[in-house]
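Please read the structure below before turning to the comments.
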Number of protein chains: 2
Amino acid sequence: MRLNNTSKYAIRILSYIANNNQQLHNAKELSETLDIPYKFLTKIMTELTKSNFIISTRGREGGYTLSRPTDEITIMDVLQNFNDIIYQKDCLLGIGKCDGSNKCGLHDQWVKPKKLIKKMFENTTLNDFKGSNFKI
Amino acid sequence: MRLNNTSKYAIRILSYIANNNQQLHNAKELSETLDIPYKFLTKIMTELTKSNFIISTRGREGGYTLSRPTDEITIMDVLQNFNDIIYQKDCLLGIGKCDGSNKCGLHDQWVKPKKLIKKMFENTTLNDFKGSNFKI
DNA sequence: TTTAAATACTACTAAAAGGTAGAATTAAAA
DNA sequence: TTTTAATTCTACCTTTTAGTAGTATTTAAA
């Protein structure tokens with residue numbers, strides 16, 4: 001019941017850039033600031049570039065920026081990209097699909113928490129990370 | 001953001017036994033009924049026996065029963081046993097520990113959903129799986 | 001125009017989770 | 001007392017996730 005490392009790193013990277021927007025950030029800086037292994041970070045950056053969260057500039061003086069305004073990137077978008085979300089009908093116990101008429105023993109209890117989680121991920125954007133009182 | 005397979009299987013096994021209590025269930029029956037690979041199931045059963053959720057009887061005509069009344073085993077107990085829970089201070093983004101005074105950018109939004117999840121796992125016992133209208 | 005500093009690509013290694021194989025042990029039925 | 005059917009133990013294999021290595025490509029500064 002936790003996020004995978006790639007998602008966690010991606011969220012932290014994007015929110016850090018959001019918080020220091022209008023600049024180009026290179027992999028070395030991001031890796032050192034966020035304490036993410038350099039080679040793993042560059043791999044994630046390339047994925048984020050391909051999936052259009054990030055625009056990269058190659059060559060000397062290159063680096064990364066956000067591709068869109070900070071309020072147009074939700075946490076849900078990021079998790080979706082790294083295949084780390086709970087789909088509405090995913091059965092918590094892994095017994096196929098789960099809904100009102102065909103449900104596992106935890107289905108009813110799971111409805112509310114699941115909704116709240118979904119809402120949280122959908123309603124939180126990179127904009128919500130602005131401000132300096134957060135760990136990075 | 002999902003449970004690991006071992007936890008899922010363990011919950012399904014325990015709740016099935018809870019629902020057919022007062023009998024001895026052997027590994028072959030459980031494996032076939034719940035569609036869990038036999039060898040993996042026996043491994044989980046041995047763990048459940050060692051951690052005192054299950055009492056096993058060895059030898060011919062042996063099998064498994066619950067070690068306690070169904071209302072004394074919560075889902076949280078099971079998840080705890082397979083190291084699959086969210087601890088209160090675990091940071092959702094993996095930046096060490098997280099609390100009111102030292103928090104990540106998702107901390108505040110995460111408080112409510114996390115509480116609901118915890119409550120759900122703590123308040124649901126094997127007793128809640130009784131009845132035949134659930135997938136197994 | 002060469003060099004330096006950046007991203008991107010390909011391929012690999014390491015660790016964790018999921019799952020399997022086979023033999024040892026146990027205990028009741030035959 | 002032998003056989004059969006059950007759990008348990010030890011060791012392994014497979015897949016997925018996490019992370020690393022090295023080289024190729026790109027581009028601006030020197």
Side-chain angles (χ1 to χ4, degrees), chain A residues 1-14 17 23-67 78-79 81-85 93-95, chain B residues 1-14 17 23-67 78-79 81-85 93-95:
Chain A
M1 196 34 62
R2 41 181 87 87
L3 298 177
N4 66 42
N5 274 10
T6 310
S7 310
K8 289 181 192 167
Y9 285 153
I11 293 171
R12 290 177 55 217
I13 293 163
L14 291 171
I17 297 180
Q23 289 172 50
L24 216 55
H25 299 274
N26 66 41
K28 187 161 180 289
E29 181 217 340
L30 294 172
S31 159
E32 285 170 0
T33 309
L34 299 171
D35 197 29
I36 299 172
Y38 177 82
K39 280 291 193 177
F40 197 30
L41 180 129
T42 58
K43 196 178 195 173
I44 295 171
M45 294 317 289
T46 304
E47 291 185 69
L48 287 172
T49 301
K50 283 187 174 158
S51 50
N52 199 39
F53 288 93
I54 286 287
I55 292 172
S56 72
T57 309
R58 299 185 66 171
R60 187 164 171 162
E61 309 291 290
Y64 304 102
T65 47
L66 292 181
S67 67
V78 183
L79 296 182
N81 195 61
F82 292 100
N83 192 27
D84 202 12
I85 62 170
L93 297 180
I95 320 172
Chain B
M1 192 41 55
R2 42 180 87 88
L3 298 177
N4 66 42
N5 274 9
T6 310
S7 311
K8 289 181 193 169
Y9 286 153
I11 293 170
R12 290 177 55 217
I13 293 163
L14 291 171
I17 297 180
Q23 287 172 51
L24 217 55
H25 300 275
N26 67 41
K28 185 160 180 290
E29 180 215 340
L30 294 173
S31 159
E32 285 170 359
T33 310
L34 299 170
D35 197 27
I36 299 171
Y38 177 82
K39 280 293 192 175
F40 196 29
L41 180 128
T42 57
K43 196 180 195 174
I44 294 171
M45 294 317 289
T46 304
E47 291 184 69
L48 288 172
T49 300
K50 283 186 175 160
S51 50
N52 200 38
F53 288 93
I54 286 287
I55 292 173
S56 71
T57 309
R58 301 186 65 171
R60 186 164 172 164
E61 309 289 290
Y64 304 101
T65 47
L66 293 181
S67 68
V78 182
L79 296 181
N81 194 60
F82 292 99
N83 193 28
D84 201 12
I85 63 169
L93 297 180
I95 320 172

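Please read all numbers here as calculations on a predicted model, not as lab measurements. Letters go in sequence order (proteins before strands), and every chain restarts at 1. The figures that follow rest on heavy atoms only: side chains count, while hydrogens, waters and symmetry mates do not.
Side-chain proximity of A:Thr46 to D:dC9, D:dA6, C:dC9: nearest is C:dC9. With D:dT20, D:dA11, C:dA6 as the candidates, the nucleotide lying closest to the side chain of B:Lys43 is D:dA11. When each of D:dA29, C:dG19, D:dA18 is scored by its nearest atom to the side-chain atoms of A:Glu61, the top-ranked nucleotide is D:dA29. Here the side chain of A:Asn4 is nearest to one of D:dA5, D:dA18, D:dG19, namely D:dA18. Taking only side-chain atoms of A:Tyr64, from C-beta outward, the nucleotide of C:dT7, C:dG18, C:dT26 with the closest atom is C:dT7. Checking C:dA30, D:dT20, D:dA28 against the side-chain heavy atoms of B:Arg60 singles out C:dA30 as nearest.
Using a 4.0 Å heavy-atom distance criterion, A:Lys28 is classed as making no nucleic acid contact. Residue-level contact check: A:Lys8 touches neither bases nor backbone, having no heavy atom under 4.0 Å from any strand. Counting non-hydrogen atoms under 4.0 angstrom, B:Phe82 reaches nothing in the nucleic acid.
A heavy-atom distance below 4.5 Å is not found between the side chains of B:Phe82 and B:Ser51. Side-chain contact check for A:Leu30 versus A:Ile17: some heavy-atom pair is nearer than 4.5 Å. Residues A:Ile44 and A:Thr6 form a side-chain contact, since some pair of their non-hydrogen atoms from C-beta on lies under 4.5 Å apart.
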Run the side-chain contact (heavy atoms from CB on, under 4.5 Å) test on B:Arg12 and A:Ile95 for me, step by step, so that the C-alpha distance in whole Å, both residues' side-chain angles and the decisive distance to 0.1 Å come before the verdict. CA-CA 9 Å; B:Arg12 290 177 55 217; A:Ile95 320 172; 3.6 Å; yes
Please report the C-alpha distance between A:Ile54 and A:Leu66 in whole Å, then the side-chain angles of each, then the deciding distance to 0.1 Å, and finally whether the side-chain contact (heavy atoms from CB on, under 4.5 Å) criterion is met. CA-CA 5 Å; A:Ile54 286 287; A:Leu66 292 181; 4.1 Å; yes
What do the steps show when you test B:Met1 against A:Met1 for side-chain contact (heavy atoms from CB on, under 4.5 Å), and what is the final call? CA-CA 5 Å; B:Met1 192 41 55; A:Met1 196 34 62; 4.1 Å; yes
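Side-chain N/O atoms of A:Ser56 include one lying less than 4.0 angstrom from OP1 or OP2 on C:dA8. The shortest distance between the side-chain N/O atoms of A:Tyr9 and the OP1/OP2 oxygens of D:dA18 is not below 4.0 Å. At the phosphate of C:dA17, neither OP1 nor OP2 sits under 4.0 Å from any side-chain N or O atom of B:Thr6. Between C:dG19 and B:Asn5, a contact under 4.0 Å exists linking OP1 or OP2 to a side-chain N or O. The side chain of A:Thr42 contributes no N or O atom lying less than 4.0 Å from OP1 or OP2 of C:dT7.
Looking at A:Lys39, its side chain comes within 3.5 Å of the base of D:dG22 through a donor and an acceptor atom. Side chain A:Arg58 to base D:dT26: no donor-acceptor pair is found below 3.5 Å.
In this structure, the NZ atom of A:Lys50 is 15 Å from the P atom of C:dT7, given to the nearest Å. For the pair A:Ile44 CD1 and C:dC9 P, the computed distance is 16 Å after rounding to whole Å. One interatomic measurement links the two molecules: CG of A:Leu41 to P of D:dA21, which rounds to 15 Å at whole-angstrom precision. Rounded to an integer number of Å, the gap from A:Arg2 CZ to C:dA17 C1' is 12 Å. In this structure, CZ of B:Phe40 is placed 14 Å from P of C:dA21, rounded to the nearest angstrom. Taking atom CD1 of residue B:Ile36 and atom P of nucleotide C:dG19, one finds them 10 Å apart after rounding to whole Å. Taking atom CG of residue B:Asn26 and atom C1' of nucleotide C:dT26, one finds them 15 Å apart after rounding to whole Å. Per the geometry, CE belonging to B:Met45 stands 20 Å off P belonging to C:dT26, to the nearest Å.
Ranked by how close their nearest DNA chain C nucleotide is to the 5' end, B:Leu3 and A:Gly62 are led by A:Gly62. Take the nearest nucleotide of DNA chain D for B:Thr57 and for A:Gly59: the residue whose nucleotide is more 5' is B:Thr57.
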Protein N or O to nucleotides 13-16 of chain C N or O, pairs below 3.5 Å:
none

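A distance-only check finds a donor-acceptor pair linking the side chain of A:Ser67 to the backbone of A:Asn52 [under 3.5 Å]. In terms of modelled atom types and a separation under 3.5 Å, the side chain of A:Ser31 and the main chain of A:Pro37 share no donor-acceptor contact.
Taking the charged nitrogens against the carboxylate oxygens, B:Glu47 and B:Lys43 have no contact shorter than 4.0 Å, which rules out a salt bridge.
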